[in-house]
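Note sheet for the following structure.
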Protein chains: 2
Amino acid sequence: MELRHLRYFVRVAEDLNFTKAAAALRVAQPALSRQVQDLEDEIGVDLLLRGPRGVTLTAEGKLFAAEAKQILANTDAAVENVRALARGEYGTLQVGYAPSPTVDMLPPALAAFRKAVPRVTVNLHDLAGDEITAGLRRGELELGLMVRPLKANAEGLTFEPLLRVPLVVACAPNHPLAKLPRVKVHQLLDHPLVVFRRDDYSDYHHMLNEVFLGQSPPRIAVECDSMSSLVTEVAGGRGIALVSRLAERVIGARLAFRSIQDTEVFQEVGLGRALKGDVTPAGENFCDYVRHAAKKVKR
Amino acid sequence: MELRHLRYFVRVAEDLNFTKAAAALRVAQPALSRQVQDLEDEIGVDLLLRGPRGVTLTAEGKLFAAEAKQILANTDAAVENVRALARGEYGTLQVGYAPSPTVDMLPPALAAFRKAVPRVTVNLHDLAGDEITAGLRRGELELGLMVRPLKANAEGLTFEPLLRVPLVVACAPNHPLAKLPRVKVHQLLDHPLVVFRRDDYSDYHHMLNEVFLGQSPPRIAVECDSMSSLVTEVAGGRGIALVSRLAERVIGARLAFRSIQDTEVFQEVGLGRALKGDVTPAGENFCDYVRHAAKKVKR
DNA sequence: GGAGAGTCATGCCCGAAAAGCATCGCTGCG
DNA sequence: CGCAGCGATGCTTTTCGGGCATGACTCTCC
């Protein structure tokens, strides 16, 4: 039995007339007649009652016509799904992201993407920097929206920068540093630092090393495992913190932010992916939307 | 695209090896190779990555393999359903029945049938005699388990008798007639009759006419629309009733039952169907079970 | 590094089967 | 009774799936 038999039979069942069905199927009537006979022989059940004024369906024919129609529809849908998958309009995407640095571009990118390609499910995973790199390497994540990993952490990954965000100092609003319009690196050394956990944010710590290069190392007050606990510690006067300027958006007025005058340290925010382990078309599609959103943020 | 393409591709997707799949499919490897190529060309998407040590599935291939497998399973199921329908092992049956006269045979028949042919759904409709004949004629019922309709009511129907059940007199336990071991027809005339509604049970009334043939017509106390209200009226002393002996089973000890000595009126209980309007194989199958149950009841 | 085994693709031919054409048989209608 | 409309049948043509031989490639093993 082939799909041809189903197509032919379904058409005959709809028209109840071999001649008309044959014309619609662009085949000669005898060919259609024989194919339907073959189908009935193979199933071993009469599906049609031939009369001189057309045909009628038997009970079996009615059932089979309904089932055959469903099978044909499923077949078309299967092909369409595969094509949509290849076009990046179908499937599921695992995306790891660093919440604070991507706050400006991820929501608009996601909104536009979901509207344009509703059949792709995007699963967002709010993760620490090192968790994203690990997830990408293990193939659990397809894409990462993240801060650029440093050399040692970038093994087997590629990173495409989209935004450069300067570091700023965050402190409690009543902190001495908050009285200055801007600060210099050596002034930071007077205050203990609230930082992210070294275990999960090794890149952040490398960056700190760069900032304080040539200076005596800063005192570390406490290591936090997320932005929210870092904010709480800083707001509580436990110390000051170095964060990307975008974090200001997430944190709001609970802290004061001051730019750093004499350093050129930026965080680069962008798209990470594994070197091997394909990014699906849907993933590439998603990247386009992220890039587009990043461009808008720059202005 | 034909089912052959799906069968071939699914097998290749399972073996990840054209040569082995071809052997399993009983075709030569080049033939298989070409059919899968044709499939990919038609869909316009690469489903397989050919390597020198076999093939691997692309993401699209994985999706399509799963969908194709489902389609093939559905196809087999569709054919099996149609065959089962033709064998009378699948489908839905609308059966009208008269509850009291069939109390002995319908439950065991139904139980055995449901066990033997679980994929047939039997919808039972508890109906009055005239409703069954009307339902059969309109094609809403496929079979009726009923008392034989008289000539005027049997137009366009066939009836196959299975049981002959004598009529008995039902009266309240404290009724004068209940003191006699058996009664004669003329004794009934002294008491008003509780009967079924003439509109819905015309055959029942014809039968009453036969019983009282040559006698003065009986007084009718009240017309009931179901056995349960008839029992209530009789038990309340409103009058006596003529019912099939089998009704004793349904009613129990609320009433007294006495056989009638000098009449030969029986009710015939059996299977009714429309003359035209096919009975499905499942229906025929069901009839067999009913006949079998009826035979057991006789003994 | 070369031989060999295993893999899938390609070229060519054959045969099965689907399609086309002409025609038949049947039935209902005018 | 003849004609129109329908599906089936007989025969021919065409298409295409399948088989065989072989090629191209790569990995393994000696």
Side-chain angles (χ1 to χ4, degrees), chain A residues 1-62 64-65 68 71-72 75 79 276, chain B residues 1-62 64-65 68 71-72 75 79 276:
Chain A
M1 194 172 75
E2 295 295 340
L3 288 178
R4 180 184 51 256
H5 294 115
L6 303 188
R7 293 191 196 100
Y8 284 10
F9 173 68
V10 164
R11 189 71 212 201
V12 172
E14 280 175 354
D15 291 348
L16 295 178
N17 180 316
F18 273 83
T19 312
K20 290 198 183 70
L25 291 165
R26 318 292 218 105
V27 295
Q29 170 266 319
L32 177 60
S33 207
R34 259 191 284 256
Q35 290 296 316
V36 173
Q37 279 177 30
D38 290 348
L39 176 65
E40 288 179 295
D41 286 349
E42 182 170 346
I43 299 182
V45 173
D46 282 352
L47 302 175
L48 296 171
L49 295 174
R50 277 81 167 170
R53 310 299 294 171
V55 295
T56 54
L57 286 168
T58 63
E60 290 81 6
K62 278 178 198 155
F64 193 69
I71 288 166
L72 293 174
T75 308
V79 171
K276 55 198 229 172
Chain B
M1 194 171 74
E2 295 295 340
L3 288 178
R4 180 186 51 257
H5 294 116
L6 303 188
R7 293 192 195 99
Y8 285 10
F9 173 68
V10 164
R11 187 71 210 201
V12 172
E14 279 175 355
D15 291 349
L16 295 178
N17 180 317
F18 274 83
T19 312
K20 290 197 182 72
L25 291 165
R26 317 292 217 106
V27 294
Q29 170 266 318
L32 178 59
S33 207
R34 258 190 284 255
Q35 290 298 314
V36 174
Q37 278 178 30
D38 290 348
L39 177 64
E40 288 178 295
D41 286 349
E42 184 170 345
I43 298 182
V45 174
D46 283 351
L47 302 174
L48 296 170
L49 295 174
R50 277 84 167 167
R53 310 301 293 172
V55 295
T56 52
L57 286 168
T58 62
E60 290 82 6
K62 278 178 198 156
F64 194 70
I71 288 166
L72 293 174
T75 307
V79 171
K276 53 200 233 171

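The figures that follow rest on heavy atoms only: side chains count, while hydrogens, waters and symmetry mates do not. In what follows, every chain begins at residue 1, and chains take the letters A, B, ... in the order their sequences are listed.
Between the CG atom of Leu25(A) and the P atom of dA18(C) there is a distance of 15 Å, given to the nearest Å. If you measure from atom NE2 of His5(A) to atom C1' of dA19(C), you get 13 Å, rounded to the nearest angstrom. In this structure, CD of Glu42(B) is placed 12 Å from P of dC16(D), rounded to the nearest angstrom. In this structure, Leu3(B) places its CG atom 13 Å from P of dA18(C), rounding to the nearest Å. Here dA9(C) presents its C1' atom at 13 Å from CD of Glu40(B), a figure rounded to the nearest Å. One atom, CG of Asp15(B), and another, C1' of dT7(C), lie 14 Å apart when rounded to the nearest Å. We find that CG of Asp46(B) is positioned 16 Å from P of dC8(C), with the value rounded to whole Å. Atom CD in Glu2(A) sits roughly 18 Å away from atom P in dA16(C) (whole-Å rounding).
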Requested in this report: Evaluate the criterion side chain to side chain contact (heavy atoms under 4.5 Å, CB included) for residue pair Phe64(B) and Leu57(B); output intermediate values, then yes/no.
Outcome: CA-CA 10 Å; Phe64(B) 194 70; Leu57(B) 286 168; over 6 Å; no
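The side-chain hydrogen bond (donor to acceptor under 3.5 Å, both in side chains) check on Asp15(A) picks up Arg11(A), with sequence neighbours excluded. Under the side-chain hydrogen bond (donor to acceptor under 3.5 Å, both in side chains) criterion, Gln37(B) pairs with no residue at all, not counting sequence neighbours. Qualifying side-chain hydrogen bond (donor to acceptor under 3.5 Å, both in side chains) partners for Arg34(A), counting only residues two or more places apart in sequence or in other chains: none. Considering only residues two or more places apart in sequence or on other chains, Gln29(B) meets the side-chain hydrogen bond (donor to acceptor under 3.5 Å, both in side chains) condition with none of them. Partners of Phe18(B) by ring pair (Phe, Tyr, Trp, His ring centres under 6.0 Å), not counting sequence neighbours: none found.
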Query raised in the report: What string of B, S and - do you get for nucleotides 3-9 of chain D, 5' to 3', if B is base contact, S is sugar-phosphate-only contact and - is no contact with any protein heavy atom under 4.0 Å?
Result: ---SBBB
